[in-house]
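Every heavy atom of this structure was used, including side-chain atoms; hydrogens, water molecules and symmetry mates were not. None of these values were measured; they are calculated from a predicted model. Atoms within each ligand, like the ligands themselves, are counted from 1 in listed order.
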Amino acid sequence: MCGIIGVACGRGAFSKPLGSIIKEALKQLEYRGYDSVGYAVIGESLILRKAAGKLDDVAGKLNFEGVDGFVGMGHTRWATHGSPNDINAHPHSDCTGRIVVAHNGIVQNYLELKEWLIKKGHIFRSETDTEVIPHLIEELKSRGMTTLDALRRTVKTLRGTFAILVLDLDEPNKIFFARYVSPLIIGVGEGVNFIASDIPAFLKHTNRVLVLKDGELGYVSQKTVYVEHVERGVVDVSRRIRIIDWTPSMAMKGGYPHFMLKEIHEQPMALRTTINGFDESLDKAAEMIMEANNVFIAACGTSYHAALVGEYALAKLAGRLAHPFIASEYTKYLNAIDENDLLIAVSQSGETIDTLMAVRKFKGRGARVIAVSNVVDSAIPRDSDLPIYTKAGPEIGVAATKTFTTQVAVLLELSYRLGLKTGRLTKSEYLDLHRELTMVPKVVSSVIRRYEGHCKELGRRLKPITSMYYLSRGVGVPVAMEGALKLKEISYIHAEAYPAGESKHGPIALIERGFPTMFLAFRDEYMEAILGNVMEMKARGAYTIGLVPEDSSKLIEKLDYPLKMPYLTPYAASIVYVVPLQLIAYYASVERGLDPDKPRNLAKTVTVE
Ligand code: M6R
């Protein structure tokens, strides 16, 4: 987590001070953490300023606009070691104040390093793990090393994960960097180079990107990009520079009050682009599934819910059992894995550490890996045998929305193609399902148009509540789980999802007059059973809301607040039904006076275990 940006521009590259450029970049990275902000700039001297709080709140105090220079770095923090206060904010400096470091990741062996450095006379100011890095570089330089040599040695000494930027007054034109696991991307511009945790930070200035790999380090200056591998020496990166087709406006709010609302509304486009982009990689993936002995699906949070939809469709439509699991729990299967097995890793960012570790450990056992990700060249697809990309465009809101629906679209099409290959689906059944999927973007548009007002009203009604259930059956269960996660993470209302049949085995004990319960009923074999569950909840006083097929008159009659959904198979419905749930969560958050884009304690990409 944490967002870092470095800019090497020389004098006069921009019409405004470098501090402003760094501030704008940090704004695009704030989704990665917003506990504190800081920057360091080298001009006449080295200026370092930092403070606890969100960028907008502390920008004036830090005087971004008033600071110019020829190289600089910025950091927005998601606290791990040390509370979110001014002192623990990044960048951190060595004893002399001539070397400063911004870091994303965790230095696992920082305590032993700190102890060693203190014995050598170094003075520490913060409680962070990061602070060992500038002191280590200082220590190594005092033994005659150059900054680059000292950084290389430091990288070899650190255990953990890191994306590091270093400024050193002894080499004032360069930003040194190193990457291991935590993302770091160079933006190659004209007479200015950038280096950041994510592309939107510099997209306004350049769309030529170089994604750094694990173990790479080096420096950027105004006109140079130098990269080497910590063990293998100089790396020729000229052929690794790619042009990104995201536009800067894709990473801005475009008139919406929040990124989340914009991204909910972008779903028809994101789905259309993803579905139009389906290619032979899905056939390859289907073949890999057919060849595999066991199939596993690893993911976290929202991506895990997409994985559960995938599991359902693979079983129902292709007769293929897959084992979905929450990526951080990967160790439970490891002893059972060998080279005949397959892991499908689902991660919008492609950088989630738990999913990445699952990928690496499964690969270590010889398993093959398919990745489903939204970020080209990110760590998880890079480590996989077959990357498949959703084409949702940049997602900035911490709550995943368009990346979920596009992940589901990919996993459904994969299941459809596998069903066709295994003979579980006839050609015409496949074509019907595929055709329906291509219609989903339009259906999503019309559902947003028709129901946004109702979702706003529901958001208002939910404002005072403290707890809510989401119940469904079949493929609706992961959609219910996603609805509950959305409400919980951005409105802080406790929300749980259960298979509706399971509600009688405990959860129903909480039901009393007015307890809100959301039912999701799809056009499938569970409709009758869901009606029964609605009646049980109503009998105990629950306030029942439901997304139900438009012709399910019995259900519509019984629910307190029904929203009628279009005629769809449960598969396409798993994409469409989640959209009103996203909107309800969004409006509940706004009604409560919260910022849905920046929920407390969360960060968009979780790069610490
Ligand atoms: O980037 P990933 O898809 O791997 O992220 C996984 C989760 O961290 C993510 O889905 C998280 O649960 C979101 N906050 C959900 O809105």
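- Remark: minimum distance from atom 7 (C) of ligand 1 to any protein heavy atom is reached at Cys300 O, 3.7 Å.
- Contact analysis leaves Leu602 out of contact with ligand 1, as no non-hydrogen atom separation drops below 4.0 angstrom.
- The heavy-atom pair separating Thr517 from Leu471 by the smallest distance is CG2-CD1, 3.8 Å.
- Closest non-hydrogen pair, Glu413 versus Leu437, comes out as OE1-CD2, 3.8 Å.
- Note on Arg360 versus Asp214: salt bridge recorded, some NZ/NE/NH1/NH2 to OD/OE distance being below 4.0 Å.
- Here's the thing with Val398: one of its N/O atoms is less than 3.5 angstrom from an N/O atom of ligand 1.
- Taking any N or O of Thr355, backbone or side chain, none lies under 3.5 Å from an N or O belonging to ligand 1.
- Salt bridge Lys456/Glu591: absent, no basic N to carboxylate O contact under 4.0 Å.
- Nearest to atom 1 (O) of ligand 1 by heavy-atom distance, out of Ala585, Ala307, Ser349, is Ser349.
- Using a 4.0 Å heavy-atom cutoff, Glu351 is absent from the residues neighbouring ligand 1.
- Distances between N or O atoms of Ser347 and those of ligand 1 include at least one value under 3.5 Å.
- Classified by interplanar angle (parallel below 30°, tilted 30° to 60°, perpendicular above 60°), the ring pair His454/Tyr561 is perpendicular.
- The option with the heavy atom closest to atom 3 (O) of ligand 1, from among Ala306, Gly350, Ser303, Ala327, is Ser303.
- Interface atoms of ligand 1 facing Ala400, defined by a heavy-atom separation under 4.0 Å, are 15 (C), 16 (O).
- Aromatic ring centroids of Phe202 and His205 lie 6.0 Å or more apart.
- A perpendicular orientation is assigned to the rings of Phe362 and Phe296, their planes being inclined by more than 60° (bins at 30° and 60°).
- Considering only non-hydrogen protein atoms, atom 16 (O) of ligand 1 sits nearest to Glu489 OE2, 2.4 Å.
- You'll find the side chain of Leu581 stays beyond 4.5 Å of the side chain of Glu482, heavy atoms only.
- Below 30°, between 30° and 60°, or above 60°: for Tyr110 and His81 the angle between ring planes is above 60°, a perpendicular geometry.
- The pair Arg417-Asp283 counts as a salt bridge, with a side-chain nitrogen and a carboxylate oxygen less than 4.0 angstrom apart.
- Looking only at protein heavy atoms, the nearest one to atom 11 (C) of ligand 1 is Thr302 N, 4.2 Å.
- Regarding atom 4 (O) of ligand 1, its nearest protein heavy-atom neighbour is Thr352 OG1, 2.5 Å.
- In summary, Arg240 and Glu216 engage in a salt bridge, as defined by a charged side-chain N under 4.0 Å from a carboxylate O.
- At least one N/O-N/O distance between Gln348 and ligand 1 falls below 3.5 Å.
- Residue Lys486 has at least one heavy-atom neighbour below 4.0 Å for each of these atoms of ligand 1: 15 (C), 16 (O).
- Among all protein heavy atoms, the one lying closest to atom 8 (O) of ligand 1 is Val606 CG2, 4.1 Å.
- Taking every heavy atom of Ala399 and a limit of under 4.0 angstrom, the matching atoms of ligand 1 come to 16 (O).
- Annotation: Leu485 places no N or O atom under 3.5 Å from an N or O atom of ligand 1; distance criterion only.
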